[in-house]
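Sequence lines set the chain letters: A, B, ... in the order given, protein chains first and strands last, and positions in each chain run from 1.
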Amino acid sequence: MERCGALLDEGRLWDQSRELGQRLQALEAEAHDLAGQVFNLGSPKQLGEVLFEKLQIPVLKKTPKGAPSTAEDVLQELALDYPLPRLLLEHRSLSKLKGTYTDKLPGLINSETGRIHTSYHQAVTATGRLSSSAPNLQNIPIRTEEGRRIRQAFVPPEGYQIVAADYSQIELRIMAHLSEDPGLLAAFRDEIDVHSATAAEVFGVTLDDVSGDQRRKAKAINFGLIYGMSAFGLARQLHLDRGEAQRYIDVYFDRYPGVREYMDRTRALAHEQGYVETLFGRRLYLPEINAKNKMRQQAAERTAINAPMQGTAADIIKRAMLSVDRWLDEGQVEAKMIMQVHDELVLEVKTSALDAVCEELCSHMSAAAELAVPLVVEAGRGANWDEAH
DNA sequence: AGGTTAAGCGCG
DNA sequence: AAAGCGCGCTTAACCT
C-alpha cells in the first residue's frame, strides 16, 4: 500500500526529547541513591540483582524463562511497599516515549513530502486487521498526558484541521449482533453506555446507581469476554479472589444468556470445522484447536472467541475506507484520508469543509455494515491529532 | 560486526 | 503449569 502519513511538528518533539532526557537523568540519580549503587535501569540482569538480591524485594511472578519478572503489573504491586519500583515505572514509561517516539520520529520526516510516512500491510495479521510499520503509526501514545504531547505533534497543513473518527464500542456491538442477546441488543439500541449497562445487570442496581468502581469492573468484564478471559484472569486484573470473579462471570452469563450461547456455539464450531469466520465469511484457521496439548488448545479457543469480533470490525473499517476513498475521489471536498488505527480513520480537512466532511465521513463509516444495532461513529476535529479526539 | 531472542510496553 | 485477543519497536543479552 502507498506510504501514508502526516505532517509533524518536529520542534515540539525535540523540545520534549530534551525535557524527557533531563527527567530520566534525575530518576536515574534517585534510583542509584535508593539502591546504594550505580546501575543500568534498563539492564534486566543488573536490575534483578538490585531488586531481588540486594534489596530483598519479593519475587511475585517469573518470566516464561524463569527469571524474576519486572513487568508493569508486578512493579505496580511492589510500588505499594517499596520506593524503587515506583521510580522504575516512571523511568520505563518516559524512556519508552523518548526512545520510541520523540527521539525517532523527527528523523523519519520525508524530505520530499515533508511528512512522516508509514507502510500499511494488508496480509500480516491473523484477524484481518491492517498492521503498520516503519514507523508504526498505530501505536502513537494517547493514554497518558506525557504521551498525548507526542500525538499533539501530528498536525495539519495551513488552512486544514485534523479530523479523527472512530467507531464506538465496535467489537461489543458486533458481539451483540452475532449473539443476538436481547439485553445487549437493547442496551445498544437505546444508546446506553454499555459498561454501565453491564454493571447495572451484574451488580443488580439501577443505571443511575452504578458507581464508578462498578463501571470499571464491568468494563474489565466486557473486554475480558471479547478476549476469552477466564475467572483467573479477571481475578488477577481486578484484585479479587477467584470465587468472586467466577461469580461475576456467572451473573454476567445469567443476564446475557445469548452471549454464553454464542461463545459455546463458536467454540464448538471451531472444534468441528477447524476454523472460525467473520460476519462476511473471512476465515481464520485454527490448527491447534484440537491439539493434544490442552494449553495450546485453550489458547486456540480464546482466538476462536476473539477472531470473529476483531475480524468483523476489521472487515467493516476496510469497507468504510473503500467507501470514503470513492467519495473523496470524486474531488468535491478538500480532504485526504491519511491514517487508519483499527477502529479510527484520520483525515486532513480544509477548514471551510469541516462540518460537511465530518457529517459525511460519519455516514460512510456508519453505513459500512448493516448490523442489528447502530454503528455509532464519533468524530472530532482540531489543530492536532490529540485535539481531534 | 551482524543476527536472533526475551522481556517489556506503546496502541486498538 | 497456565490461566486476555491482535500488532511493531527498543534494548539487553546472547549467538554466530
Can a side chain N or O of [X] be found less than 4.0 Å away from OP1 or OP2 on [N]?
X      : N      : answer
A:R129 : C:dC7  : no
A:N139 : B:dG12 : no
A:T70  : B:dG8  : yes
A:R143 : B:dG10 : no

If you only use heavy atoms from C-beta on, which nucleotide in [options] is closest to the side chain of [X]?
X      : options                : answer
A:R302 : C:dA12, C:dC7, C:dA3   : C:dA3
A:A126 : C:dG6, C:dA12, C:dC9   : C:dG6
A:A71  : C:dG6, B:dC9, B:dG12   : B:dC9
A:I142 : B:dC11, B:dC9, C:dA13  : B:dC11
A:V341 : B:dG12, B:dG10, C:dA13 : B:dG12
A:T303 : B:dG10, C:dA3, C:dC5   : C:dC5
A:K65  : C:dC7, C:dA13, B:dA6   : B:dA6
A:T127 : B:dC11, C:dG6, C:dC5   : C:dG6

Please give, in whole Å, the distance from [N] [atom2] to [X] [atom1]?
X      : N      : atom1 : atom2 : result
A:L75  : B:dA7  : CG    : P     : 15 Å
A:H342 : C:dG8  : NE2   : P     : 9 Å
A:N40  : C:dA12 : CG    : C1'   : 8 Å
A:Y227 : B:dG12 : OH    : P     : 10 Å
A:E301 : C:dA2  : CD    : C1'   : 14 Å
A:I305 : C:dG6  : CD1   : P     : 13 Å
A:E146 : B:dG10 : CD    : P     : 12 Å
A:Q340 : B:dC11 : CD    : C1'   : 12 Å

Taking a pair as Watson-Crick or G-U wobble with both distances under 3.5 Å, which nucleotide is matched to C:dA3?
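Checking every strand shown, C:dA3 finds no partner, since no pair has both distances under 3.5 Å.
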Given side chains that start at C-beta, do those of [X] and [Y] come closer than 4.5 Å, heavy atoms only?
X      : Y      : value
A:D73  : A:K61  : yes
A:K219 : A:R216 : no
A:V163 : A:L361 : yes
A:Q122 : A:L130 : yes
A:Q310 : A:R129 : yes

Describe the nucleic acid contact of A:E72 in one word from base, sugar-phosphate, nothing, applying a heavy-atom distance below 4.0 Å.
sugar-phosphate
Under 4.0 Å, heavy atoms only, any strand: does A:I140 hit a base, just the sugar-phosphate, or nothing?
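Result for A:I140 = sugar-phosphate.
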Using the C1' atoms only, state how far C:dA3 lies from B:dT5, rounded to an integer number of Å.
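Taking atom C1' in both B:dT5 and C:dA3, they lie 24 Å apart.
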For C:dA1 and B:dC9, measure between their P atoms and round to the nearest Å.
25 Å
Please give me every residue in residues 250-288 of chain A whose heavy atoms get under 4.0 Å of an atom in DNA chain B, ordered by residue number.
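Contacting residues: none.
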Nucleic acid contacts - residues 45-64 of chain A versus DNA chain B, non-hydrogen atoms under 4.0 Å:
A:T63, A:P64
Would you call A:E145 and A:R148 a salt bridge, taking side-chain N to carboxylate O under 4.0 Å as the test?
yes
Charged N to carboxylate O below 4.0 Å: is that the case for A:K217 and A:D213?
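Yes, charged N to carboxylate O under 4.0 Å.
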Candidate pair A:R173 and A:Y167, rule side chain to side chain contact (heavy atoms under 4.5 Å, CB included), full reasoning:
CA-CA 10 Å; A:R173 287 174 196 268; A:Y167 287 106; over 6 Å; no
Taking atom NZ of A:K318 as the centre, report whether more than 12 heavy atoms of other residues, nucleotides or ligands fall under 6.0 Å from it.
yes
Is it the case that over 12 heavy atoms from other parts of the model lie below 6.0 angstrom from the NZ atom of A:K62?
no
Which of A:H271, A:R296, A:R267 passes side-chain hydrogen bond (donor to acceptor under 3.5 Å, both in side chains) with A:E301? Answer is A:H271
Specify the closest pair of heavy atoms between A:Y262 and A:L178, including all atoms of both residues, with the distance to one decimal.
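A:Y262 and A:L178 have their closest heavy atoms at OH-CD1, 3.4 Å.
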Between A:D254 and A:R247, is the salt bridge (Lys or Arg N to Asp or Glu O under 4.0 Å) condition met? List the steps.
CA-CA 10 Å; A:D254 202 52; A:R247 279 196 294 282; over 6 Å; no
Indicate, with yes or no, if A:W14 and A:L20 share a hydrophobic cluster defined by side-chain heavy-atom contacts under 4.5 Å among Ile, Leu, Val, Met, Phe, Trp and Tyr.
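No; tracing contacts between hydrophobic side chains, which count when under 4.5 Å, never links both residues.
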Tell me which residues in residues 88-111 of chain A lie within less than 4.0 Å of DNA chain C, going by non-hydrogen atoms.
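Correct list: A:K96, A:G99, A:T100, A:K104.
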